[in-house]
Structures are given as C-alpha cells and as structure tokens.
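All of these numbers come straight from a predicted model, not from anything done at the bench. Lettering follows sequence order; numbering is per chain, from 1.
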Amino acid sequence: AQSVTQPDIHITVSEGASLELRCNYSYGATPYLFWYVQSPGQGLQLLLKYFSGDTLVQGIKGFEAEFKRSQSSFNLRKPSVHWSDAAEYFCAVGEGNGGFKTIFGAGTRLFVKA
Amino acid sequence: DTGVSQDPRHKITKRGQNVTFRCDPISEHNRLYWYRQTLGQGPEFLTYFQNEAQLEKSRLLSDRFSAERPKGSFSTLEIQRTEQGDSAMYLCASSFGSDRGYEQYFGPGTRLTVT
C-alpha cells in the first residue's frame, strides 16, 4: 500500500535559520507529490506540487522541494524561516487516476523561536 | 472564487444521533473529496466524487457513513448512529478533473465532537 513517512513529529528552528522537512513515500509509479501547510484553525493550504519535469519545484511563501526518485524523497526547504511559518506541514502523495486519492503523512509541526 | 466552504464548522452531538455535514466546492471543480482528520494525524481519504458519481470509497467509510452529491455541485456527508470514535475534523476538498491539474483545495473543515 502507498504510504508517506514524515520522520520528524516536530522541529524547532530559530527565525532566520534554514529549514528542511523530510518526507519519504512508498509508491510504485511516478507519484504526484504535494506539500500542504495547516495553521491552527485554518484549512490545508497547498504549498507546492510535483507531477513531472524539473525535480526542484518552487512554491508559495518562499518554499521549495526536491523530488529524488532514487531516495523516494520529497523534502521541503526554506532558506530563511519567518515566525509566521510556524504551523503543521503535511507531505502527501496522490494515487489513482489523476492522483485523486491523496495519502497524507502524519505531519511535522514546526516551531519557530525568536 | 470563494473557495471551498463547509457547514457547520462545529458540531457537538450525543452518541447515537445522526449528523449531516455540507460541503460547497469551488464552482468550476468537478471533483469533490471527503477526508477525516484526527488529532495529531494527517487527513485520511474517505471518498470522492466526479460530478455526481461516487467513484471511490475507503474502507474507513463504514456503512454508518453515506455521502451524496446529487446534482454534481454541493455534497453532504451523513453519519448515522454516531460513536465517540467518530469525533474528528471532517474535511472537504475539490479539484478540477485530471486534464486541468490535480491539486485539491480544502475547506476549513467541520469539527465533530460526539459525547
């Protein structure tokens, strides 16, 4: 069965420091990959997606992610974290025709310290 | 584009009661999805519609759960004879079909508490 693993339950970084959130997936074919962010009381917001092509994808809010097929990974990065980035981050893989069934990881909660 | 909306935002019910949630997708989207999210977990896929047809249901969707999308627009999710284990956030999402991109846009969710 397809699965998504986010090894870090929570991460704390200092404001202005760089960030990398890890994501590994298990999927037989070329996956549709996503990163979502969820702030308290807010809905899930799509940060970026990968379907094909360039393996380094740019998203909103200064985030980027790199698809590495050999490592089955899709890690999320940001060069300089802002206090407003504190939230829960979910990696997800889409399966099925057009990726309709999205399988989410358990999430990584990001804390930002001043 | 007003986004995906869900109603109600919060629902408290007693065990054994029936509840119904509504989702209004983005109007141009023909796909609609339901997910359930419990504390500390990512959303879990429940079911999805393409227009009015329900094309996939998760094993998580027991026979107490039913979803409809009668005219291919809004959708309802009904839970009969609620149990405490049904307490969760129920999320709705919508998207275009496969030829217009796959990303799903999520609503704010309905938080269900079963007492």
Below 4.5 Å from any heavy atom of chain B, which atoms of A/L46 appear? Answer side chain, backbone, both or neither.
side chain
Say whether B/V19 and B/F65 are linked into one hydrophobic cluster, either directly or through other cluster members, by side-chain heavy-atom distances under 4.5 angstrom.
yes
Check whether B/Q6 gets within reach of chain A through its side chain, its backbone, both or neither, counting any heavy atom under 4.5 Å.
neither
Would you list the atom pairs, donor with acceptor, under 3.5 Å between side chains in residues 74-83 of chain A and any protein atom, with sequence neighbours excluded?
unit_1: A/N75; atom_1: OD1; unit_2: A/C23; atom_2: N; d: 2.9
unit_1: A/N75; atom_1: ND2; unit_2: A/E20; atom_2: OE2; d: 3.4
unit_1: A/R77; atom_1: NE; unit_2: A/E64; atom_2: OE2; d: 3.3
unit_1: A/R77; atom_1: NH1; unit_2: A/E66; atom_2: OE1; d: 3.3
unit_1: A/R77; atom_1: NH2; unit_2: A/E64; atom_2: OE2; d: 3.2
unit_1: A/R77; atom_1: NH2; unit_2: A/E66; atom_2: OE1; d: 3.4
unit_1: A/K78; atom_1: NZ; unit_2: A/K61; atom_2: O; d: 2.9
unit_1: A/K78; atom_1: NZ; unit_2: A/D85; atom_2: OD1; d: 3.1
unit_1: A/K78; atom_1: NZ; unit_2: A/D85; atom_2: OD2; d: 2.8
unit_1: A/S80; atom_1: OG; unit_2: A/G16; atom_2: O; d: 3.4
unit_1: A/H82; atom_1: ND1; unit_2: A/S84; atom_2: N; d: 3.1
unit_1: A/H82; atom_1: ND1; unit_2: A/S84; atom_2: OG; d: 2.7

For chain A, the option from B/S58, B/P43, B/G42 that forms the most heavy-atom pairs under 4.5 Å
B/P43
Give, as side chain, backbone, both or neither, the part of A/Q45 having an atom under 4.5 angstrom from any heavy atom of chain B.
neither
Does A/F90 form a side chain to side chain contact (heavy atoms under 4.5 Å, CB included) with B/Q41? I'd like the steps, not just the answer.
CA-CA 9 Å; A/F90 293 96; B/Q41 298 297 317; over 6 Å; no
For the student: nearest non-hydrogen atoms of B/E103 and A/F34, plus distance:
CA-CE2, 4.0 Å
Please tell me whether B/V4 and B/F74 are part of a single hydrophobic cluster in this structure, the criterion being side-chain heavy atoms less than 4.5 Å apart.
no
Find the distance between OH (B/Y33) and NZ (A/K101) and round it off to the nearest 0.5 Å.
13.0 Å
Note: B/Q104 and A/Y36 closest approach over all heavy atoms is O-OH, 3.1 Å
In this structure, would B/L61 and B/W34 fall into the same cluster of hydrophobic residues linked by side-chain contacts under 4.5 Å?
yes
Euclidean distance, A/T102 OG1 relative to B/Y48 OH, rounded to 0.5 Å
11.0 Å
Is B/L91 close to chain A through its backbone or its side chain, or both, or neither, when contacts mean heavy atoms under 4.5 Å?
side chain
Does any backbone or side-chain atom of B/Y35 lie under 4.5 Å from a heavy atom of chain A? Answer side chain, backbone, both or neither.
side chain
With a 6.0 Å cut-off (strictly less than), is the heavy-atom count around CD1 of A/I60, excluding the residue itself, greater than 12?
yes
Given that the side chain runs from C-beta out, which part of B/R111 has a heavy atom under 4.5 Å from chain A: side chain, backbone, both or neither?
neither
Tell me, yes or no, whether the heavy-atom count around B/E68 atom CD, taken from other residues, nucleotides or ligands under 6.0 Å, exceeds 12.
no
Co-membership, hydrophobic cluster, residues A/F51 and A/L56, 4.5 Å side-chain
no
